[in-house]
Every structure is written in structure tokens, then in C-alpha cells.
Amino acid sequence: MRMTRYFVPVLKETPAEAQIASHRLMLRSGMVRQAAAGIYSWMPLGYRVLKRIEDIVNQEQIRAGHIPLLMPTLQSAALWRESGRYEDYGEEMLRICDRHGRDLLYGPTNEELITDIFRSHVNSYRDLPLTLYHVQWKFRDEIRPRYGVMRGREFLMKDGYNFDVDKASAIHSYNRHMVSYLRTYERMGLKAIPMRADTGPIGGDHSHEFLVLADTGESEVFFDDSILELSLGDRNIDYDCVQTCSAIMEEWTAPYSRTDETHDEALYRASVPEGRRRQSRAIEVGQIFYFGTKYSEPMGATVSDRDGRRVHVHMGSHGIGVSRLVGAIIEASHDEKGIVWPEPVTPFPVGILNLSQRDSNAEAVCQMIYGELVKKGLEPLYDDRDERAGAKFATMDLIGLPWRITVGSRSLAKGVVELSRRSDGESENIVPEHAAERIAEIYAAHF
RNA sequence: CGGGGCGUGGCGCAGUUUGGUAGCGCGGCGGUUUUGGGAACCGCAGGUCGUUGGUUCGAAUCCAAUCGCCCCGACCA
């Protein structure tokens, strides 16, 4: 993409309303624009990141055997009256009335809809286990939206629901989600720590939240330092294997890690050596629940078991805050100059920066590298504006692409271009013909 | 919802106390000179001061209502 043909409305000055780094940087880099309190338009650059995160979420869901579908944003109040939550959910639920006076709501979550779909079409234990999910916009009418997309009213969430014939099977689904979530976050270059959590209004008694450490987080967390060393790496995981999933579950839940809601100071002191105790702020980026028959009973979701008896299905639900992750990743990865994108979610893999825009040789070299990168499936962002070097560097640093190829007549005179890494500024000179290949090698390691 | 604050060119702000017909910086457009870390100069365009009503000879400024937004708190993916 050539910058002169793209649309990245960067701001030199920080908008007054932005308090935290991610909000500030998303506004300044032209990723989002606020449309109303807690509601945002996703500008081209932000939209690319959102899509990359959504892609990773989808890939990992499908890898774990979960089935994508798409439910609507607007739902009929009837189903919610049936589950009893139309009254329980409270003011956070945006209620709408159509021209016929029928009550609708903008879905804050989808347990009722999915249960309705399930009970209408599934009747036998033979069709289980089943996990359905979708990535859809949600609306929760927060009293006070804040922190940009981190606490918006409208937000993009992946929410999934598992249906199992009994508790044992549902617990495996729970563990399987734990594993797939760990892998999902790891693939985004994030350290998200599972922590025992409250179940809140969703109900049930098994729940873990996934938290990303950040000073601006809204949760206070306590954990054993050793959990940070755990990594799935390139383990080959059989998601259908009960032992594999429960072993990983145990591995990650053995070290103490809890949010302030479930924190037990005595247990913390007893089970974590003093040198490994850590307390921090953190951002919640996902949560998994097992809640048994909480919805299947009131809504009559049953299947016939082996003996022909009707039994209520055991369910769980799982969520990943897709739009929130964009902010969370920035909170976890930025510096005073701007964003520092991890390779797996960056809007563009590399930026080409032409410092000598009017030098036809420099332009030719940039175009050659551009073409080579596109051939390798790595579309760069080429800053071909007629700007001074300083402005181009500042913009590129702000946008935060992980790699930059700097082309200028000065280095071209020596037959090289400069390849530099955003995270630490380290750079090397390479001949232009090798630039695309080097970028391809770097990215090969991430996919 | 309780407490605090703010709405003035695209962005950041001054002007409001003490009414007299709107200004600065950035950005935009044209031009000249520049060109490896947000350039300099010259010129130009752009605002019914959130909205409505009131007071007044006259309102960005005073009064009332209303809409929107932000911050702290309780709530939350």
C-alpha cells in the first residue's frame, strides 16, 4: 500500500480526551475515531489490526474443533424472558422497540439464542459434544465507557458455547478452551495469564479469566512469577485428547494466579515463595465458564442419552474480547514514540521509507523491494509522501510497524538500504536485492 | 447514578470574571528556498463560538433550558 493512496489520518497532537497510552496512540495513528461515547469507527489501519486478531481467533477456534456460525446483533426479548434474564440483566442491556411495539434488544451476549438453536435441532447424545461460536458485535450500555476501545459500549467479541452430555465431557470442553485460548494469545505475541475468576451474572462454578499485565489495567492481580515462564511453544496438541488438555490445564493452574475478586492472601503466602510473589494491574482479555445446566434447564435444552432418557445438556461459554485486544496489545507494547506491533497482528509486516522521494533511483529501489514483498505475500506500507525525513520517521514510529526498510540516496550511494526493528531500533545495512528475502525469513518464523 | 469538568475553524487552546461583533499554535491549499529524525519564509482558505429560548441598543461572554463529551467512583469482555 502506498501511503499517498491510503488513508491514515495521523494526529500530531494528542486529543484531549485520551488518558491512557493505547487510546492516545489509536487516535493519533488514525486507527479509530470516536462516533459516540464508547462507540468507534474503525479506520483502515485499525480495521486491519482488528481483522488480523479476528483471523487468529478464528484459526485457533477451528483448530480446536469449534464450529463458526453467525448470530444477529438484534435479538427478540421473548427468549430472554424465557431464561429470566430480560429482567435480571438490568440497565446494561440496550432495549429497542420496533414499529410494531415488539421488544428487541441489542445482544450483550448470546446464551439464549444459541440454546434456542441447539434445542431446535439437536436431540441425541450422538450429536455431542458440540461447540458453536461466533465473532459478532455486542452492545453493553456501560454507565461509563472509557479508555477507548478497551471499555467501549459496542465491542467485537468472540463468544462460544459448548454442549456436552454430562459434566465430565463438559469439563473436557472447558479444558480444551483453556488450551486453545492459551495458544490464541500466544500467537498474538501476548502473555495472557489464566486466573481463577468469579462467575458473575453468567453463573456457574468454574471460570478462568485471561489477563494481560499492564499498569493501566482495571484488575488487580496476584500471581506466582513462575507462571510467566510457561509456554505452549510449538507443541502438537490433540484437542480431543482428555489427558492432554487436562495436563495443560493443570500445568497452567498449578501456580497461584488470581484476580482481587478471588484472591486468598493466606493461600497466596502459603503456596508462593516470597521471591516469586507478584502483584500487578492487568487487562482482562477473555474468560471461560462452565455453568452446567443453568440455561438448559429453564430453556428445555435436552438430548436423549444412551439409555433413551432425556437429560439436560451441560454447557459452558467462552469469550475473547477481540476489539479490546487491539487496545490491550498496545498497552503491552508501545514506547514514547508510538506503538510497537508484534509481528502476528501488525497492520502491515514492514514499512518502506523513502527519504529521497525525488530521487528516481531511490523510488525505483523502493518499488523493486515493494514488488518483491508483494510477491511473497507480505504487503508493505510504502511511505512515498513528499515529506522530510523527520516527518516520515515520526509517522512510521507512531504507527509502529515492526520492521522498516529505509531507502535514501545517502545509503544507496554505498549500495545498501537500512533494515531496522521497531522494538529496539537495531538496524543493519543490506543490499536492496536481499531486503524482501530477509523480511520473508523473519515472518516465516511467526506462521 | 453521585461528584467534578468541558463544548470556540480538522486538532490543541486563548478570549467569558469586567457584554462592543473572534484570536494563537498545529494542520490544509498556493508559492519560493530546503531535504537522514515532526523545516523556514510569503500568501490564501476555513468558525451563525453545541443547540434553543431569554435579557440587552448590542451576547462566545449574562440568565434559563436542553443536547453532547471527558474525568473520579460504583458496574463491566
Side-chain angles (χ1 to χ4, degrees), chain A residues 9-20 23-24 27-28 30 33-39 57 89-93 107-110 135-160 181 192 197-202 207-212 217-219 259 261 282-289 317-328 337-338 353-359 362 383 385-398 404 406-414 417-418 420 425 427 429:
Chain A
V10 300
L11 303 175
K12 215 163 159 180
E13 285 164 293
T14 303
E17 74 269 19
Q19 298 300 307
I20 64 169
H23 190 193
R24 219 159 46 224
L27 290 171
R28 284 199 54 211
R33 175 174 168 83
Q34 183 171 322
I39 302 176
V57 167
Y89 215 95
E91 295 295 313
E92 254 186 34
M93 185 154 75
T109 176
N110 286 259
V135 179
Q136 177 64 290
W137 291 93
K138 305 289 186 290
F139 195 93
R140 293 186 190 170
D141 199 2
E142 301 279 344
I143 296 165
R144 186 160 90 84
R146 66 186 115 174
Y147 303 147
V149 301
M150 297 254 283
R151 175 156 300 291
R153 291 193 294 169
E154 186 185 53
F155 58 97
L156 187 62
M157 181 166 96
K158 170 260 156 184
D159 49 320
Y181 274 33
D198 256 354
T199 51
I202 306 273
S207 183
H208 281 86
E209 289 178 343
F210 294 79
L211 290 112
V212 174
E218 295 183 78
S219 310
T259 65
E261 290 170 345
I283 302 161
E284 187 191 341
V285 293
Q287 187 162 14
I288 57 177
F289 299 90
S317 73
H318 335 87
I320 292 180
V322 175
S323 49
R324 172 180 284 187
L325 271 166
V326 179
K337 291 187 211 159
L353 209 156
N354 188 349
L355 297 180
S356 313
Q357 201 60 50
R358 297 185 179 175
D359 173 345
D383 189 345
R385 294 173 303 164
D386 188 15
E387 286 284 349
R388 295 165 63 96
K392 290 194 176 190
F393 283 127
T395 300
M396 199 58 83
D397 286 342
L398 173 64
R404 184 183 80 203
T406 311
V407 178
S409 40
R410 201 155 93 187
S411 51
L412 280 181
K414 291 179 274 181
V417 297
E418 197 181 302
S420 47
S427 74
N429 289 327

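Labels below follow one simple rule: chain letters A, B, ... track the order of the sequence lines, proteins then strands, and each chain is numbered from 1.
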Colleague: Only counting residues at least two apart or in another chain, list the ones meeting side chain to side chain donor-acceptor pair (under 3.5 Å) with A/Glu218.
Modeller: A/Arg151

Colleague: Take atom CD of A/Gln19 and atom C1' of B/C71, then tell me their distance rounded to the nearest Å.
Modeller: 6 Å

Colleague: Quick one: pull up CD in A/Glu92 and CZ in A/Arg140 and give me the separation to the nearest 0.5 Å.
Modeller: 7.0 Å

Colleague: Taking the side chain of A/Leu398 as its heavy atoms from C-beta onward, which of B/G36, B/G38, B/U34 lies nearest to it?
Modeller: B/G38

Colleague: Would you mind reading off the distance between A/Met150 atom CE and B/C75 atom P, rounded to a whole angstrom?
Modeller: 18 Å

Colleague: So how far is it from A/Leu353 CG to A/Met396 CE, rounded to the nearest 0.5 Å?
Modeller: 4.5 Å

Colleague: Within this structure, what is the CD-to-P distance between A/Glu142 and B/A74, rounded to whole angstrom?
Modeller: 14 Å

Colleague: Roughly how many Å apart are B/U55 and B/G73, using the P atom of each and rounding to a whole number?
Modeller: 44 Å

Colleague: Any base atoms under 4.0 Å from A/Leu11, or only sugar-phosphate, or nothing? Heavy atoms, all strands.
Modeller: nothing

Colleague: According to the 5.5 Å centroid and 30° plane-angle thresholds, does A/Phe393 stack upon the nucleobase of B/G36?
Modeller: no

Colleague: Find the distance A/Glu261:CD to B/A74:P and express it as a whole number of Å.
Modeller: 12 Å

Colleague: Does A/Tyr147 put a side-chain nitrogen or oxygen below 4.0 Å from OP1 or OP2 of B/C72?
Modeller: yes

Colleague: Output all residues satisfying salt bridge (Lys or Arg N to Asp or Glu O under 4.0 Å) with A/Arg404, sequence neighbours left out; order by chain, then residue number.
Modeller: A/Asp397, A/Glu418

Colleague: Counting only N and O atoms by type, is there a donor-acceptor contact under 3.5 Å from the side chain of A/Lys392 to the main-chain atoms of A/Asn354?
Modeller: yes

Colleague: Mind checking what makes side chain to side chain donor-acceptor pair (under 3.5 Å) contact with A/His208, not counting sequence neighbours?
Modeller: A/Tyr174

Colleague: Tabulate protein N/O versus nucleotide N/O from nucleotides 22-24 of chain B, keeping only pairs under 3.5 Å, one per line.
Modeller:
none

Colleague: I'd like to check the salt bridge (Lys or Arg N to Asp or Glu O under 4.0 Å) partners of A/Arg153; sequence neighbours left out, ordered by chain and number.
Modeller: A/Asp141

Colleague: Which nucleotide sits closest to the side chain of A/Ile143: B/A77, B/A74, B/C71?
Modeller: B/A74

Colleague: Once side chain to side chain contact (heavy atoms under 4.5 Å, CB included) is applied, do any residues pair with A/Ala192, and if so which ones, sequence neighbours excluded?
Modeller: A/Tyr185, A/Phe210, A/Val212, A/Val285

Colleague: Distance check, P atoms only: B/U61 and B/G53, in whole angstrom units.
Modeller: 14 Å

Colleague: When you compare the protein's N or O atoms with those of nucleotides 66-69 of chain B, which come within less than 3.5 Å of each other, and at what distance?
Modeller:
from, atom 1, to, atom 2, distance (Å)
B/C69, OP1, A/Ala37, N, 2.8
B/C69, O3', A/Gln34, NE2, 3.0

Colleague: Under 4.0 Å, counting only non-hydrogen atoms across every strand here, what does A/Ser323 touch: a base, just sugar-phosphate, or nothing?
Modeller: nothing

Colleague: What is the nucleic acid contact for A/Gly408, judged by heavy atoms within less than 4.0 Å: base, sugar-phosphate only, or nothing?
Modeller: base

Colleague: Which part of the nucleic acid does A/Gly152 contact within heavy-atom distance under 4.0 Å: base, sugar-phosphate only, or nothing?
Modeller: base

Colleague: Can you measure A/Leu353 atom CG to B/G38 atom P for me and round it to whole angstrom units?
Modeller: 13 Å

Colleague: B/G73, B/U35, B/A77: which one has an atom nearest the side-chain heavy atoms of A/Arg144?
Modeller: B/G73

Colleague: Give the C-alpha distance, both sets of side-chain angles, the deciding distance and a yes or no for side chain to side chain contact (heavy atoms under 4.5 Å, CB included) between A/Ser219 and A/Leu211.
Modeller: CA-CA 9 Å; A/Ser219 310; A/Leu211 290 112; 3.8 Å; yes

Colleague: What is the separation between atom CZ on A/Arg33 and atom C1' on B/C11, rounded to the nearest whole Å?
Modeller: 10 Å

Colleague: Expressed as a whole number of Å, how far does the P atom of B/G20 sit from that of B/U66?
Modeller: 28 Å

Colleague: With C1' as the reference atom in both, quote the distance from B/C75 to B/G12 in angstrom, rounded to an integer.
Modeller: 33 Å

Colleague: Check whether any side-chain nitrogen or oxygen of A/Arg388 sits under 4.0 Å from OP1 or OP2 of B/G38, and answer yes or no.
Modeller: no

Colleague: Restricting to non-hydrogen atoms, name the atom on A/Glu142 and the atom on A/Pro145 that form the minimum distance, rounded to 0.1 Å.
Modeller: O-CD, 3.8 Å

Colleague: Calculate, to the nearest 0.5 Å, the distance between atoms CG and OG1 belonging to A/Leu355 and A/Thr406 respectively.
Modeller: 6.0 Å

Colleague: Please work out if A/Asp159 contacts a base, only the sugar-phosphate, or nothing of the nucleic acid, heavy-atom cut-off 4.0 Å.
Modeller: nothing

Colleague: Answer with base, sugar-phosphate or nothing: what part of the nucleic acid does A/Arg404 contact at a heavy-atom distance below 4.0 Å?
Modeller: base

Colleague: Please give, in whole Å, the distance from B/G38 P to A/Lys337 NZ?
Modeller: 12 Å

Colleague: Quick one: side chain to side chain donor-acceptor pair (under 3.5 Å) partners of A/Lys158, sequence neighbours excluded?
Modeller: A/Gln61, A/Tyr181

Colleague: Measure all distances between protein nitrogen or oxygen atoms and nitrogen or oxygen atoms of nucleotides 4-8 of chain B, and list the pairs falling under 3.5 Å.
Modeller:
none

Colleague: For atom C1', what is the distance between B/A60 and B/U8, given to the nearest Å?
Modeller: 7 Å

Colleague: Report, one pair per line, the protein and nucleotides 25-30 of chain B atoms (nitrogen or oxygen only) whose separation is under 3.5 Å.
Modeller:
from, atom 1, to, atom 2, distance (Å)
B/G25, N2, A/Glu13, OE1, 2.9
B/G25, N2, A/Glu13, OE2, 3.4
B/G27, OP1, A/Lys12, NZ, 3.4

Colleague: Give one of base, sugar-phosphate or nothing for A/Ala389, where a contact means two heavy atoms less than 4.0 Å apart.
Modeller: sugar-phosphate

Colleague: Drop me the distance from A/Thr109's OG1 to A/Met93's CE, to the nearest 0.5 angstrom.
Modeller: 11.0 Å

Colleague: Please classify the nucleic acid contact of A/Thr14 as base, sugar-phosphate, or nothing, using heavy-atom distances under 4.0 Å.
Modeller: sugar-phosphate

Colleague: Pick the P atom in B/G7 and in B/G15, then give their distance to the nearest Å.
Modeller: 10 Å

Colleague: Given A/Val149 and A/His23, is the side chain to side chain contact (heavy atoms under 4.5 Å, CB included) satisfied, shown in steps?
Modeller: CA-CA 7 Å; A/Val149 301; A/His23 190 193; over 6 Å; no

Colleague: Measuring only the C1' atom in each nucleotide, how far is B/A59 from B/U17? A whole number of Å is fine.
Modeller: 15 Å

Colleague: Taking the C1' atom in each of B/A14 and B/G47, what is the distance between them to the nearest angstrom?
Modeller: 15 Å

Colleague: Pairs of donor and acceptor atoms involving the side chains of residues 407-414 of chain A, under 3.5 Å and at least two apart or interchain, shall be tabulated with distances.
Modeller:
from, atom 1, to, atom 2, distance (Å)
A/Ser409, OG, A/Ser356, OG, 3.0
A/Ser411, OG, A/Gly408, O, 3.4
A/Ser411, OG, A/Val416, O, 3.4

Colleague: Can you name the residues that form a side chain to side chain donor-acceptor pair (under 3.5 Å) with A/Thr395, not counting sequence neighbours?
Modeller: A/Arg385

Colleague: Starting from P on B/G12, measure out to CZ on A/Arg24 and report it in whole angstrom.
Modeller: 14 Å

Colleague: Could you check A/Met150 against A/Val326 for side chain to side chain contact (heavy atoms under 4.5 Å, CB included), going step by step and ending with a plain yes or no?
Modeller: CA-CA 8 Å; A/Met150 297 254 283; A/Val326 179; over 6 Å; no

